[in-house]
Amino acid sequence: MTIAFDVFSDRWAHLGESPIWSESGNCIWWVDTDGCRLLRTDAATGQTEVWDAPEAVGCITLRADGMLVAGLATGIFLFDPVSGQFELVCSPESRNDVRFNDGALDPAGRFWAGTIHREITEPAGAIFCIEPDFGHRRIFDHFWTPNGIAFDQKRNRMYFSDSHPTVQTIWVCDYDVTTGTPSNRRVFATTHALEGRPDGAFIDEDGVYWIAGVGGAQLLRFAPSGEALEPISFPVSHPTKIVMNRKNPRSVFVTTRRMAGDDETHPSGHLLRGTLP
């Protein structure tokens, strides 16, 4: 599969991450982790609004009432786009040398989010389940860089990965959406033989697991069986996470990291858009 990508957002991020499609707003929410910002890009025009955050923003999800839930450095916050205010609602992690990284919403509205050691000098990361009432559970431990969290509702599966160069592994679990319980954790795929480490992921309508091959200028794809499908070439070296409009999945949007030396015709750090064949 070949996809032509173009720069879509009119603003760029130091470390773009966590794109979220908003059906009601016809827009993509995303974050600049290193720049401590939230961004909202209009899906028709690419015009982008920006809000400053009090800390590094690792991941976000969108609630039905229009409020955002955000994993910042010190905990989980609610963000009100109207007022621009952040409110701390829970602090699942007790260590101050870690921050939140990747996250995703399960089909029942639970926010699953992982933490990462700030200096990435030890596997101190964990994956938490944040309930809609902001109760929380620590589920998985001992990650270098937890990433790739995604849910396949049709197959009752939960996916996640570790991006560290020594790990580069994607796992899958059976997932009980009623209780929010993953079980039977097993290796789904590894990327040691592929270009790029596993970063942010998305499950399409066919159950194909798309994951950004960060550092490898590719989007990697895996069938539900774990079979590696043909990767998709990407015009900048560090794609970070993928999102699609599930109701009209003809376009794929990808956040990127700003890197010196990337092709100036597709400057990195922007939200890029590609049209599926």
Side-chain angles (χ1 to χ4, degrees), residues 1-53 56-63 66-70 79-84 102-105 150 196 199-205 210-214 217-219 221 232-277:
M1 181 187 296
T2 300
I3 300 177
F5 288 92
D6 62 334
V7 172
F8 188 64
S9 62
D10 60 1
R11 302 287 293 269
W12 62 270
H14 298 278
L15 175 53
E17 275 284 7
S18 197
I20 301 295
W21 175 265
S22 169
E23 182 66 30
S24 61
N26 194 40
C27 64
I28 301 96
W29 283 95
W30 50 299
V31 310
D32 180 358
T33 299
D34 290 350
C36 301
R37 300 185 301 170
L38 288 177
L39 302 95
R40 182 172 65 190
T41 298
D42 185 272
T45 66
Q47 183 175 353
T48 302
E49 301 172 82
V50 179
W51 289 263
D52 290 330
V57 191
C59 53
I60 54 173
T61 192
L62 187 62
R63 301 201 317 182
M67 299 275 281
L68 270 76
V69 181
F79 172 72
D80 183 354
V82 176
S83 67
D102 187 53
L105 205 65
D199 205 328
F202 184 85
I203 304 286
D204 71 14
E205 68 275 15
W210 296 59
I211 190 162
V214 67
Q218 286 188 337
L219 305 184
R221 300 181 303 138
I232 295 168
S233 295
F234 197 69
V236 299
S237 62
H238 282 63
T240 58
K241 194 166 183 175
I242 302 156
V243 74
M244 300 177 190
N245 175 2
R246 290 193 182 276
K247 293 190 176 181
N248 183 25
R250 299 294 302 164
S251 294
V252 54
F253 297 91
V254 185
T255 49
T256 63
R257 184 171 194 162
R258 188 78 164 182
M259 300 295 293
D262 275 332
D263 185 352
E264 285 305 311
T265 62
H266 291 90
S268 55
H270 288 265
L271 181 69
L272 271 61
R273 177 185 62 182
T275 302
L276 300 179

May I have the step-by-step check of side-chain contact (heavy atoms from CB on, under 4.5 Å) for L39 and D32, ending in yes or no?
-> CA-CA 7 Å; L39 302 95; D32 180 358; 4.0 Å; yes
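- Summarising the geometry, atom CH2 belonging to W30 is positioned 14.5 Å from atom NZ belonging to K241; distances are rounded to the nearest 0.5 Å.
- By the 4.5 Å heavy-atom criterion applied to side chains, I20 and F253 are not counted as neighbours.
- Taking the side chain as every heavy atom from C-beta outward, W210 and I232 approach each other to under 4.5 Å.
- Side-chain atoms of L219 and I242, non-hydrogen and from C-beta on, do get closer than 4.5 Å to each other.
- M67 has its side chain out of reach of F79: every pair of non-hydrogen atoms, C-beta onward, lies at least 4.5 Å apart.
- The salt bridge (charged side-chain N to carboxylate O under 4.0 Å, His left out) test applied to R221 returns no partner, not counting sequence neighbours.
- Proximity of T256 to L272: side-chain heavy atoms (C-beta onward) are separated by under 4.5 Å at one or more points.
- Looking at residues two or more places apart in sequence or on another chain, you find no salt bridge (charged side-chain N to carboxylate O under 4.0 Å, His left out) involving E23.
- Applying the side chain to side chain donor-acceptor pair (under 3.5 Å) criterion to T48, with sequence neighbours excluded, gives D10, T41.
- For the side-chain contact (heavy atoms from CB on, under 4.5 Å) with S237, the qualifying choice from Q218, R257, M259 is M259, the only one to do so.
- Among all heavy-atom pairs drawn from A150 and I203, the shortest one is CB-CG1, 3.8 Å.
- For the side-chain contact (heavy atoms from CB on, under 4.5 Å) test, residues two or more places apart in sequence or in another chain that qualify with S22 are S24, C27, W29, L62.
- A salt bridge links R40 with E49: at least one charged nitrogen is closer than 4.0 Å to a carboxylate oxygen.
- For the salt bridge (charged side-chain N to carboxylate O under 4.0 Å, His left out) test, residues two or more places apart in sequence or in another chain that qualify with R273 are D6.
- In this structure, S18 OG and L68 CG are separated by 9.0 Å, a value rounded to the nearest 0.5 Å.
- Here the closest non-hydrogen pair linking P239 and V254 is CB-CG1, 3.8 Å.
- R11 pairs by the side chain to side chain donor-acceptor pair (under 3.5 Å) definition with nothing, not counting sequence neighbours.
- With sequence neighbours excluded, the residues satisfying side-chain contact (heavy atoms from CB on, under 4.5 Å) with A53 are V57, F86.
- Shown here are the salt bridge (charged side-chain N to carboxylate O under 4.0 Å, His left out) partners of D199, two or more places apart in sequence or in another chain: there are none.
- Shown here for T33 and G58, the closest heavy-atom pair between the two residues is OG1-CA, 4.1 Å.
- Residues forming a side chain to side chain donor-acceptor pair (under 3.5 Å) with D34 (at least two apart in sequence, or on another chain): none.
- Qualifying side-chain contact (heavy atoms from CB on, under 4.5 Å) partners for W12, counting only residues two or more places apart in sequence or in other chains: H14, R258, H270.
- Qualifying side-chain contact (heavy atoms from CB on, under 4.5 Å) partners for D42, counting only residues two or more places apart in sequence or in other chains: A44, T45.
- Among all heavy-atom pairs drawn from P19 and T255, the shortest one is CD-OG1, 3.7 Å.
- Taking 4.5 Å as the limit, every side-chain heavy atom of V69 sits out of range of all side-chain heavy atoms of I60.
- The shortest side-chain heavy-atom distance between I3 and L276 falls under the 4.5 Å cut-off.
- Scanning for ring-ring contact (aromatic ring centres under 6.0 Å, His included) contacts around F234 gives F5, with sequence neighbours left out.
- Rounding to the nearest 0.5 Å places CG of N245 at 8.5 Å from CD1 of I28.
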